> 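Here it is, the structure, as structure tokens.
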Amino acid sequence: MKVLVVGSGGREHALVWQLKQSPEVETVYCAPGNAGISADAECVPIGVGELEKLADFAAEHAVDLTVVGPEAPLCDGIVDCFRRRNLVVFGPDREAAQLEGSKDFAKSFMLKYGIPTAKAATFTAEAPAAEYVKKEFAAGAKGIVIKADGLAAGKGVLVADNEADALEFLAGCFHGTFGAAGAKVLVEECLVGEEASILALTDGNTIVPLVSSQDHKRVFDNDEGPNTGGMGAYSPAPVVTDAVWKKIDAEILQPFLRGIRAEKLNFRGVIFVGIMVVDGEPKVLEFNVRFGDPEIQPVMRRFEGDWFDVLKKTAEGRLAEAKLAWSEEPAVSVVLASGGYPGSYAKGYPISGLDEAAATGAVVFHAGTSFDKEGRIVNSGGRVLGVSARGRDIREAIQHAYEAVDKISFKDGFCRRDIGAKALKHLK
Ligand code: AMP
Ligand code: GLY
């Protein structure tokens, strides 16, 4: 069997790494991939936005399954494009991808199907939105969340603890900071609790959650500094207790499945539900229609089974027949980033210690890496590597991950030193 993974980040590397272990898979292609992925897959120089070219490639190379990593091609209709040509593809179609592509669409869906979420109001003009923000603070709100409706590369959300910041961000939205994505804005109640990520496969007939995980969105230790794409993740997330899982299934995943069926949304992929657990009650912060990154890295480290078979059955509407098994061992993935990230950063610094890190038993997933003219692996993106390790318990997994991290270096590279610390708090 031949499989094509679309994307070039740590998520795609983790997917490639697990897919190539499938006994059925003879070739893994990745478009466009990165330096690390090229050790595990045949990289193809086609960009994630070149939908027809990707479909041509899949057709010409008799690819049996295409797995789409990032949200942008999904929202642009890559699945529609592949299905028109009878190519098997994992992901929601363009209409269903609006669950991530439009926060207003997602919020209406949640309300219609009774999925617990933060109270919100949608605005298409600045003055009434500002009025609403002022009213909320006057009524005693401790914070407010402003969200640009469309895709804004993870930058379209502000959690504000004061009116001035909220109003400034709002003005930015309506004055083009996020282009068309900010023409519509959601103003949302601020939920206070602990976040977790729930990834669930669905083919529209059934829904099957993967193991829970937790991201670390802020750039610095103790959740300080600006938001990033994610600085590290671990699985499982102890905040998702058995009691919370029951609620997630009954109040979120089953209503989600009912909703996509009732709305006739064509969804054969993964729904990534960002939740906030507030006093033991899971509430949805957002939907994404693709695997979370870095969350999928520790999740892939724990998967035991045939990942190709699972994804292919999902794409073919036969998810009920798929078998998922998981290691009991927790896994941790620590992200190494370029100095300056999430702001601007310099590229092209050689990375040393990758083999030494792998020799510890950790798996190093590559995100922003490429080869320089001399063939050395250098940093070429904000998030550069995801160093993933397992352990008998979370404490040991953290120790193993940092042991490997400490073998690696590149100029100005940095990481958070407290990935997994929240899980340890639950042990006390
Ligand atoms: P989103 O893109 O909607 O996930 O928002 C990005 C991040 O903002 C989330 O992962 C949370 O950390 C935070 N966030 C979003 N919505 C809320 C909310 N209603 N209350 C508190 N924090 C939120
Ligand atoms: N780690 C969060 C995301 O993938 O959006």
Side-chain angles (χ1 to χ4, degrees), residues 7 9-12 14-15 69-72 74-75 99-107 110 115-122 133 136 141-161 166 169 173 178 181-182 185-199 210 212-219 223-235 237 239 270-278 281-299 333-335 337 342 365 367 382-383 386 416 419 422:
R11 164 181 47 217
E12 288 74 24
L15 293 170
E71 62 277 15
L74 292 166
C75 291
L99 286 162
E100 176 164 358
S102 164
K103 292 187 187 294
D104 184 40
F105 181 92
K107 187 65 80 174
M110 289 184 235
I115 296 172
T117 183
K119 184 184 81 170
T122 302
V133 166
E136 288 293 307
K142 296 263 180 305
I144 201 100
V145 184
I146 317 275
K147 300 184 174 184
D149 179 58
L151 291 183
K155 297 196 172 76
V157 174
L158 179 77
V159 180
D161 61 7
F169 188 81
C173 288
F178 307 112
V185 169
L186 267 74
V187 181
E188 199 168 289
E189 163 200 14
C190 187
L191 299 174
V192 180
E194 188 173 339
E195 278 186 60
S197 299
I198 305 298
L199 307 172
L210 312 184
S212 66
S213 55
Q214 190 180 61
D215 188 13
H216 296 67
K217 284 197 161 49
R218 303 292 184 131
V219 69
D223 293 336
E224 284 172 16
N227 265 335
T228 68
M231 293 299 291
Y234 60 84
S235 169
V239 66
V270 61
I271 182 76
F272 157 10
V273 191
I275 62 166
M276 185 77 87
V277 182
V278 184
E281 300 294 328
K283 300 196 179 196
V284 176
L285 296 175
E286 63 166 342
F287 288 134
N288 296 301
V289 297
R290 35 106 194 151
F291 293 106
D293 191 11
E295 288 95 322
I296 194 60
Q297 300 179 26
V299 169
S333 186
V334 176
V335 169
F365 296 122
R383 292 189 292 174
R416 274 180 65 158
I419 302 303
K422 279 206 193 92

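Numbers for residues simply follow the sequence, beginning at 1. The structure presented is a predicted model; accordingly, all values stated were derived computationally and were not measured. All ligand and atom numbering here is 1-based and tracks the order in the structure.
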> Are any of the N/O atoms in E286 less than 3.5 Å from those in ligand 2?
no
> Give yes if a backbone or side-chain nitrogen or oxygen of L191 is under 3.5 Å from a nitrogen or oxygen of ligand 1, and no if not.
yes
> State whether the side chain of R11 and the backbone N or O of R290 hold a donor-acceptor pair below 3.5 Å, judged by distance alone.
no
> Any N or O of N288 that comes nearer than 3.5 Å to an N or O of ligand 2?
no
> Give a yes or no answer on whether the side chain of H216 reaches the backbone of I419 with a donor-acceptor pair at less than 3.5 Å.
no
> Provide the number and element of each atom of ligand 1 under 4.0 Å from a heavy atom of E189.
18 (C), 19 (N), 20 (N)
> Is L285 touching ligand 1 with its side chain, its backbone, both, or neither, if touching means heavy atoms under 4.0 Å apart?
both
> Does R416 pair with D223 as a salt bridge, N-O distance under 4.0 Å?
yes
> Go through ligand 1 atom by atom and flag the ones less than 4.0 Å from a non-hydrogen atom of K103.
1 (P), 2 (O), 3 (O)
> Considering K217, E100, E188 one by one, which has a heavy atom nearer to atom 19 (N) of ligand 1 than any of the others?
E188
> Between the main-chain N or O of E195 and the side-chain N or O of Q214, is there a donor-acceptor pair closer than 3.5 Å?
yes
> Go through the side-chain N and O atoms of Q297 and S333 and say whether any donor and acceptor fall under 3.5 Å apart.
yes
> Taking heavy atoms and a distance under 4.0 Å, where does R290 meet ligand 2: side chain, backbone, both or neither?
side chain
> Does any N or O in the side chain of S102 come within less than 3.5 Å of the main-chain N or O of G150, such that one atom is a donor and the other an acceptor?
no
> Assess whether a salt bridge exists between K147 and E188, defined as any Lys/Arg side-chain N lying under 4.0 Å from an Asp/Glu carboxylate O.
yes
> Write out the residue and atom name of the closest protein heavy atom to atom 4 (O) of ligand 1, then the distance separating them to 0.1 Å.
E286 CD, 2.5 Å
> Check ligand 1 against C190 and write out every atom of the ligand that is under 4.0 Å from a heavy-atom position of the residue.
20 (N), 21 (C)
> Of all the atoms in ligand 2, which lie at a distance below 4.0 Å from a heavy atom belonging to E295?
1 (N), 2 (C)
> Over all heavy atoms of both residues, which pair between V159 and C190 is shortest? Give the atoms and the distance, please.
CG1-SG, 3.9 Å
> Hey, which atoms in ligand 2 end up nearer than 4.0 Å to a heavy atom of D215?
1 (N), 2 (C)
> Pull out every atom of ligand 1 sitting under 4.0 Å from any heavy atom of A118, numbered as shown with elements.
19 (N)
> Whether the side chain of T122 engages the backbone of L186 through a donor-acceptor N/O pair (distance < 3.5 Å, no angle test) should be reported.
no
> Check R11 against ligand 2 and report side chain, backbone, both or neither, counting heavy atoms closer than 4.0 Å.
neither
> Measuring from non-hydrogen atoms of G292 to any atom of ligand 2, is the shortest distance under 4.0 Å?
yes
> Flag the pair V157 / E286 as yes when at least one side-chain heavy-atom distance between them is below 4.5 Å, and no otherwise.
no
> Looking only at protein heavy atoms, identify the closest one to atom 9 (C) of ligand 1 and say how far it is in Å.
E195 OE1, 3.8 Å
> What's the verdict on side-chain contact (heavy atoms from CB on, under 4.5 Å) for L285 and V145, showing C-alpha distance, side-chain angles and the deciding distance?
CA-CA 10 Å; L285 296 175; V145 184; over 6 Å; no
> For atom 13 (C) of ligand 1, what is the closest protein heavy atom, and at what distance to 0.1 Å?
V159 CG2, 3.8 Å
> Please identify which atoms of ligand 1 are closer than 4.0 Å to at least one heavy atom of K147.
3 (O), 15 (C), 16 (N)
> In ligand 2, which numbered atoms sit nearer than 4.0 Å to a non-hydrogen atom of G229?
1 (N), 2 (C)
> Quick one: look up the protein heavy atom nearest atom 8 (O) of ligand 1 and list residue, atom name and how far away it is.
V157 CG1, 3.6 Å
> Only one of T117, I275, L191 forms a side chain to side chain contact (heavy atoms under 4.5 Å, CB included) with K283, so which one is it?
L191
